[in-house]
Participant: 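Below you will find the structure I want to go over with you.
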Amino acid sequence: MQKIWQKLLSLIMILLLAGLWVILSPRPAFAQINTINYSNANLENRDFANADLTGVTFVAAEMRGTNFQGANLTNAIFTKGVLLKANLEGANLTGALVDRVTLDGANLKNANFTEATLTRSRFYDADITGADFTDALIDRYQVSLLCERADGVNPVTGVVTRESLGCK
């Protein structure tokens, strides 16, 4: 009977130590480290030029006329955002999620959208000269509209805009 109690006590101690180890040494997921959240914020005409906004969240944010020129927006999230006439010239949006975003009249000159997800987004009258869309996920209809005005070479990646969109 004493052996059973010793085994039970040993098992309880092991579980207690394991529980303490889990509680006392938590580590946040990489995607959550230093993340700024601008969800539902009014950022109209704000200046984020040349800012490091890696992984920042802009869900349903109002960003009309906002300046992101030269900003690092790698892996940023722009779901349901409004970027009418925003300036993203030379911005790095590698791996960004730009889903259901209105980019009408935006300045996207020399922007890098490599491996970005640009589904259900609009680019009417956006200037895409020199933009790189390599391996980006874009709706076919938008690609056909973008190809009508695609021109230039991205100065950072050296990729031709028409080729990055797969224009024929």
Participant: Is L73 reachable from L137 through a run of hydrophobic residues whose side-chain heavy atoms are each under 4.5 Å from the next?
Facilitator: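 No, it is not one cluster - the side chains of L137 and L73 are not joined through contacts under 4.5 Å.
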Participant: Rounded to the nearest 0.5 Å, how far apart are CZ of R64 and CG of D104?
Facilitator: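 If we round to the nearest 0.5 Å, R64:CZ and D104:CG are 10.0 Å apart.
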Participant: Going through the checks in order, is the side-chain hydrogen bond (donor to acceptor under 3.5 Å, both in side chains) test met by N37 and S39?
Facilitator: CA-CA 6 Å; N37 189 342; S39 293; 2.5 Å; yes
Participant: Which heavy atom in A111 sits nearest to a heavy atom in L88, and how many Å separate them?
Facilitator: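 So the minimum-distance heavy-atom pair works out to CB-O, 3.6 Å.
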Participant: Going by the disulfide bond (SG atoms under 2.5 Å apart) test, which pairs reach into residues 51-84, not counting sequence neighbours?
Facilitator: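 For residues 51-84: none.
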Participant: What residue pairs, at least two apart or across chains, pass side chain to side chain donor-acceptor pair (under 3.5 Å) with a residue in residues 126-136?
Facilitator: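 As it turns out, the side chain to side chain donor-acceptor pair (under 3.5 Å) pairs with a partner in residues 126-136, which skip direct neighbours, are D127-T129, D132-T134, D132-T157.
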Participant: How close do V101 and F78 get, counting heavy atoms only, and between which atoms?
Facilitator: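 In this case the closest contact between V101 and F78 is CG2-O, 2.5 Å.
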Participant: To the nearest 0.5 Å, tell me how far Q69 CD sits from E89 CD.
Facilitator: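 Separation between the atoms: 5.0 Å.
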Participant: If we only count heavy atoms from C-beta on, is the L103 to V98 side-chain gap below 4.5 Å?
Facilitator: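 The answer is yes, as the side chains (C-beta and beyond) meet within the 4.5 Å cut-off.
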Participant: With sequence neighbours excluded, tell me which residues meet side-chain hydrogen bond (donor to acceptor under 3.5 Å, both in side chains) with D125.
Facilitator: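 None.
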Participant: Apart from L97 itself, what residues make up its hydrophobic cluster when side-chain heavy atoms of I, L, V, M, F, W and Y under 4.5 Å apart count as a link, directly or indirectly?
Facilitator: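 In the cluster with L97 are V59, I77.
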Participant: Where do N92 and V156 land on the side chain to side chain contact (heavy atoms under 4.5 Å, CB included) test, with the steps shown first?
Facilitator: CA-CA 10 Å; N92 182 4; V156 175; over 6 Å; no
Participant: Show me, pair by pair, the donor-acceptor contacts under 3.5 angstrom made by side chains of residues 43-51, not counting sequence neighbours?
Facilitator:
unit_1: D47; atom_1: OD1; unit_2: A49; atom_2: N; d: 3.0
unit_1: D47; atom_1: OD1; unit_2: N67; atom_2: ND2; d: 3.1

Participant: For a quick test of reading the model, state the closest non-hydrogen atom pair linking F58 to M63 and the distance between them.
Facilitator: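 So the minimum-distance heavy-atom pair works out to CD2-SD, 3.7 Å.
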Participant: What closest approach, in Å, do R100 and T79 show between heavy atoms, and which atom pair accounts for it?
Facilitator: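 So the minimum-distance heavy-atom pair works out to NH2-CG2, 3.7 Å.
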Participant: Membership question, hydrophobic clusters at under 4.5 Å side-chain separation (ILVMFWY): are F113 and L53 in the same one?
Facilitator: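 L53 and F113: one cluster.
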Participant: Hey, can you pull the donor-acceptor pairs under 3.5 Å for the side chains in residues 141-148, sequence neighbours left out?
Facilitator:
unit_1: Q142; atom_1: OE1; unit_2: F123; atom_2: N; d: 3.4
unit_1: S144; atom_1: OG; unit_2: Y141; atom_2: O; d: 2.6

Participant: If you measure from CG on N112 to OG on S164, what distance do you get to the nearest 0.5 Å?
Facilitator: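 Atom-to-atom, N112:CG and S164:OG are 9.0 Å apart.
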Participant: How long is the straight-line distance from CG of L93 back to OG1 of T117, given to the nearest 0.5 Å?
Facilitator: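 One gets 11.5 Å once the value is rounded to the nearest 0.5 Å.
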Participant: Could you state whether Y124 and L83 fall into the same hydrophobic cluster, counting links through intermediate Ile, Leu, Val, Met, Phe, Trp or Tyr residues with side-chain heavy atoms under 4.5 angstrom apart?
Facilitator: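 Different clusters.
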Participant: Search all heavy atoms of A150 against all heavy atoms of T161 and return the closest pair with its distance.
Facilitator: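 For A150 and T161, the tightest heavy-atom pair comes out as CB-CG2, 3.9 Å.
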Participant: Hydrophobic cluster membership, with links at side-chain heavy-atom distances under 4.5 Å among I/L/V/M/F/W/Y: are L84 and L108 in one?
Facilitator: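 No; L108 is not reachable from L84 via cluster members.
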Participant: If you take all heavy atoms of S121 and D139, which pair is closest and at what distance?
Facilitator: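 It is N-OD2, 4.2 Å.
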